[in-house]
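Read through the structure below, which is laid out as structure tokens, and then see the notes.
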Amino acid sequence: MTEQKQALFTIFGATGDLAKRKLYPSLFRLFKKGELADNFAVIGTARRQWTDSFYHEVVLDSIKDLMHSKTEAENFASHFYYQSHDVNDAEHYVNLKNLGERLKTQYKTAGNQVFFLAMAPQFFGVIAEHLKSENILTGEGFERIVIEKPFGNSYATAKTLNDSLAKVFTEEQIFRIDHYLGKEMIQSVSAVRFANPIFESLWNNRHIDNVQITFAEFIGVEERGGYYETSGALKDMIQNHVLQVLSLIAMEKPEKFDEAHIVKEKVKALKAMRQYSSQEALENFIRGQYIAGKFDGENYLGYREEDSVAPDSRTETFAAGKFLIDNERWAGVPFYVRSGKRMTEKGTRINIVFKKEAENLFADNCDDQPVQNVLTIYIQPTEGFSLSVNGKAAGQGFHLEPLRLSFRHDSEFLGNSPEAYEKLFLDVLNGDGTNFSHWEEAARAWELIDVIREAWDGDTSAMPTYTARSMGPQAAFDLLKKDGNEWAWQPDLWYKERGYYEK
Ligand SMILES: NC(=O)C1=CN([C@@H]2O[C@H](COP(=O)(O)OP(=O)(O)OC[C@H]3O[C@@H](n4cnc5c(N)ncnc54)[C@H](OP(=O)(O)O)[C@@H]3O)[C@@H](O)[C@H]2O)C=CC1
Ligand SMILES: O=C1O[C@H](COP(=O)(O)O)[C@@H](O)[C@H](O)[C@H]1O
């Protein structure tokens with residue numbers, strides 16, 4: 001039986017997009033499952049002057065697609081309280097404290113507190129400071145702080161941010177969200193690796209030729225141009241999500257499958273990654289920006305024409321590169337990564353490309369070349385994995401036929417599986433930081449990324465482009481070609497053959 005959790009949540013930035021789109025629905029999912037029942041309350045805060053009843057309407061609206069019964073939804077919303085508050089104003093924390101104390105008794109939350117900072121990172125330090133100075137932190141129950149990306153804009157800014165949080169919270173109390181770590185198939189990477197000796201025994205440079213990580217998005221920059229102009233694909237996706245996934249693939253087997261041991265191995269893997277010089281960064285990383293394109297009868301704007309984007313912007317909407325890991329397991333194995341907006345279709349996947357057999361036993365029997373074995377882990381939109389293998393084509397004679405052993409979750413399963421934020425919220429309540437980013441991981445990721453960013457900033461040559469709804473600029477393909485490799489997943493070819501780009 002599910003044991004209900006006891007906690008008072010304080011959401012800073014309660015009127016914002018993240019709170020409405022992700023936080024309230026995730027809390028509601030936990031409520032429907034009984035993880036949250038009677039002993040929780042939520043204080044929502046932001047500067048806007050909202051009443052509790054208006055706040056309830058907002059919460060109800062945010063969960064409308066998930067609710068089956070009005071009574072249940074209203075019961076859930078009744079746990080929410082709104083407190084208008086400017087985080088820079090010390091006096092306002094007094095109201096917050098008083099309300100918190102009242103709700104702690106009313107809802108029997110055992111003094112447990114979760115602070116969710118759904119606000120710009122420049123406010124994190126001031127909030128943490130006031131939580132301490134205004135005695136909102138009492139040490140009575142557990143006290144945890146959850147923060148969103150971006151965690152800094154460079155190593156230096158991330159360090160400043162971390163130092164300010166560390167004055168108030170210990171590392172164990174800080175939960176840095178990387179929502180990809182809450183996704184089902186990212187969590188499954190370790191199961192695929194360590195629960196299957198057939199893979200784990202091959203998981204090294206004797207058998208793996210290269211690893212490819214693709215985070216392709218079909219959407220453009222949407223209404224987030226203002227933020228994206230300060231970020232670009234490198235910082236928005238590669239520094240955090242992609243490097244997190246890479247470290248899970250590359251880490252050594254942890255002694256135990258728990259937070260401390262997993263994090264230790266991830267950090268070791270990140271530290272073994274080659275620190276490029278500026279010149280090496282330019283040789284191994286490429287970028288691109290989408291330009292207007294037509295696909296299947298639809299016209300797409302170029303990035304520079306999007307809202308809140310400078311007409312001469314040099315922000316990359318696509319980044320690809322090759323990382324190398326200088327340790328015994330991975331020496332010589334390129335880890336290719338790519339991520340971009342307005343790519344051919346949405347697809348997050350990992351391709352583990354195994355080495356070819358040195359000799360083709362069947363060369364005298366047929367002209368068919370065996371395909372390389374590729375293990376693909378599908379993160380989204382579908383979830384599952386497949387292995388491409390060679391078989392004999394049925395019938396007379398001997399011919400090789402490429403086959404695919406495939407497992408994909410069906411749509412019914414996907415509909416019922418927990419959403420990333422929901423899982424992460426539950427982890428926070430359970431004090432389990434396994435699926436969160438830790439300071440050492442974030443710090444090392446910034447060290448790897450800063451040099452690429454600086455090299456690009458110093459490069460004044462024309463910005464490479466790619467047409468909207470394609471798989472990135474030509475340079476992304478050349479990057480692999482110069483190693484004698486190619487991307488295992490090229491969905492654009494499928495669309496090209498069927499004339500989608502001409503329509
Ligand atoms: N939206 C998303 O999907 C994602 C967001 N993030 C990150 O999460 C954070 C929040 O994003 P998002 O919700 O989109 O941002 P919004 O701009 O929608 O929300 C910001 C919130 O901060 C509040 N706020 C701003 N200044 C103050 C202040 N001085 N005192 C109190 N409250 C203040 C605003 O309310 P008010 O104006 O009423 O004060 C609002 O509730 C950002 O760091 C973002 O990068 C990360 C990943 C995804
Ligand atoms: O963190 C981010 O992730 C989203 C993509 O997340 P997904 O779960 O929809 O795959 C991306 O669109 C956004 O730019 C980035 O900030």
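Keep in mind the model is a prediction, meaning the values are calculated, not measured. In each ligand, atom 1 is the first atom listed, and ligand 1 is the first ligand listed. Along the sequence shown, the residues carry numbers beginning at 1.
For atom 22 (O) of ligand 1, the nearest protein heavy atom (residue, atom name, distance) is Met119 CG, 3.6 Å. Considering only non-hydrogen protein atoms, atom 9 (O) of ligand 2 sits nearest to Lys346 NZ, 3.4 Å. Here the protein heavy atom with the shortest distance to atom 1 (O) of ligand 2 is His241 NE2, 2.7 Å. Distance from atom 8 (O) of ligand 2 to its nearest protein heavy atom, with residue and atom name: Lys183 NZ, 2.6 Å. When hydrogens are left out, the protein atom nearest atom 30 (N) of ligand 1 is Val87 N, 3.1 Å; that is the closest non-hydrogen contact. Looking only at protein heavy atoms, the nearest one to atom 12 (O) of ligand 2 is Glu217 OE1, 2.7 Å. In this structure, the protein non-hydrogen atom closest to atom 19 (O) of ligand 1 is Gly16 CA, 3.4 Å. Among protein heavy atoms, atom 13 (O) of ligand 1 sits closest to Leu18 N, 2.8 Å. Counting protein heavy atoms only, atom 16 (O) of ligand 2 is closest to Asp236 OD1, 2.7 Å. Closest protein heavy atom to atom 23 (C) of ligand 1: Gly13 CA, 4.0 Å. In terms of protein heavy atoms, atom 3 (O) of ligand 1 is closest to Arg21 NH2, 2.5 Å.
When each atom of ligand 1 is checked for a heavy atom of Thr15 under 4.0 Å away, the hits are 34 (C), 35 (O), 36 (P), 38 (O), 40 (C), 41 (O). Atoms of ligand 2 lying under 4.0 Å from any heavy atom of Lys341, numbered from 1 in the order shown and given with element: 11 (C), 12 (O), 13 (C), 14 (O). Within the listing of ligand 1, atoms 6 (N), 7 (C), 43 (O), 44 (C), 45 (O), 46 (C) sit less than 4.0 angstrom from a heavy atom of Lys149. Contact atoms of ligand 1 toward Pro121: 43 (O) (distance under 4.0 Å to a heavy atom of the residue). The contact set between ligand 1 and Pro150, taken as ligand atoms under 4.0 Å from a residue heavy atom, comprises 45 (O). Remark: ligand 1 atoms within the under-4.0 Å shell around heavy atoms of Asp17 are 1 (N), 2 (C), 3 (O), 13 (O), 14 (O), 18 (O). Ligand 2 places these atoms under 4.0 Å from at least one heavy atom of Lys149: 1 (O), 2 (C), 15 (C), 16 (O). Counting atoms of ligand 1 from 1 in the listed order, those under 4.0 Å from a heavy atom of Ala120 are 43 (O). Within ligand 1, counting atoms from 1 as listed, the ones closer than 4.0 Å to a heavy atom of Asp86 are 28 (C), 29 (N), 30 (N). Numbered from 1 in the order shown, with element, the atoms of ligand 2 that lie under 4.0 Å from a heavy atom of Gln380 read 7 (P), 10 (O).
Annotation: side chain of Phe28 is not in contact with side chain of Glu422 (no heavy-atom distance under 4.5 Å). With contacts defined as side-chain heavy-atom distances shorter than 4.5 Å, the pair Arg469/Met343 does not qualify. With a 4.5 Å cut-off on side-chain heavy atoms, Phe323 and Leu243 count as touching. By the 4.5 Å heavy-atom criterion applied to side chains, His241 and His179 are counted as neighbours. Side-chain contact check for Phe9 versus Leu429: some heavy-atom pair is nearer than 4.5 Å. Side-chain contact between Gln239 and Asn153 is absent, with no heavy-atom pair separated by less than 4.5 Å. Within the 4.5 Å cutoff, the side chain of Ile377 has no heavy atoms near those of the Ile249 side chain. Contact annotation: the side chain of Gln380 never approaches that of Met185 to less than 4.5 Å [non-hydrogen atoms, C-beta and beyond].
Counting heavy atoms only, Arg47 comes closest to atom 39 (O) of ligand 1 of the residues Arg47, Lys20, Arg224, Gln122. Proximity annotation for atom 20 (C) of ligand 1: of Gly44, Ser84, Ala118, Ala118 comes nearest, heavy atoms only.
Only backbone heavy atoms of His85 (N, CA, C or O) come within less than 4.0 Å of ligand 1; its side chain stays farther off. Under 4.0 Å from ligand 2, the heavy atoms of Tyr180 that appear belong solely to its side chain. Under 4.0 angstrom from ligand 1, the non-hydrogen atoms of Glu148 all belong to its side chain. At a heavy-atom cutoff of 4.0 Å, ligand 1 is contacted by no atom of Phe12, backbone or side chain.
Cation-pi check for Arg144 over Phe175 is not met; the charged atom does not lie both under 6.0 angstrom from the ring centroid and within 45 degrees of its normal. In this structure, Lys183 forms a cation-pi arrangement with Tyr180, its terminal cationic atom sitting closer than 6.0 Å to the ring centre and no more than 45° off the ring axis. A cation-pi geometry, defined here as NZ or CZ lying under 6.0 Å from the six-membered ring centre and within 45° of its normal, does not hold between Arg287 and Phe318.
Salt-bridge annotation for Asp163 and Lys167: absent, with no side-chain N of the basic residue lying under 4.0 Å from a carboxylate O of the acidic one.
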Only distances under 3.5 Å count here; give the side-chain donor-acceptor pairs of residues 11-23 to other protein atoms, sequence neighbours excluded, each with its distance to 0.1 Å.
residue: Thr15; atom: OG1; partner: Arg48; partner atom: NH2; Å: 3.3
residue: Asp17; atom: OD1; partner: Arg21; partner atom: NE; Å: 3.2
residue: Asp17; atom: OD2; partner: Arg21; partner atom: NE; Å: 3.2
residue: Asp17; atom: OD2; partner: Arg21; partner atom: NH2; Å: 3.3
residue: Lys20; atom: NZ; partner: Thr15; partner atom: O; Å: 3.3
residue: Lys22; atom: NZ; partner: Glu419; partner atom: OE2; Å: 3.3

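Of all non-hydrogen atoms in Pro381 and Gly347, the two that sit nearest each other are CD-CA, 4.1 Å. Considering all non-hydrogen atoms of both residues, Gln187 and Asn435 come closest at NE2-ND2, 3.1 Å.
In this structure Trp50 satisfies the ring-ring contact (aromatic ring centres under 6.0 Å, His included) test together with Phe54, Tyr82, sequence neighbours excluded.
One finds the CG atom of Leu270 at 10.0 Å from the CD atom of Glu440 (value rounded to the nearest 0.5 Å). Between atom CZ of residue Phe124 and atom CD1 of residue Ile174 there is a gap of 11.0 Å, rounded to the nearest 0.5 Å.
Checking only distances, Arg48 does come within under 3.5 Å of ligand 1, N or O to N or O. Among the atoms of His179, some N or O lies under 3.5 angstrom from an N or O of ligand 2. Considering backbone and side-chain atoms together, Arg224 places an N or O closer than 3.5 Å to an N or O of ligand 2.
At a distance under 4.0 Å, no protein heavy atom can be found next to atom 15 (O) of ligand 1.
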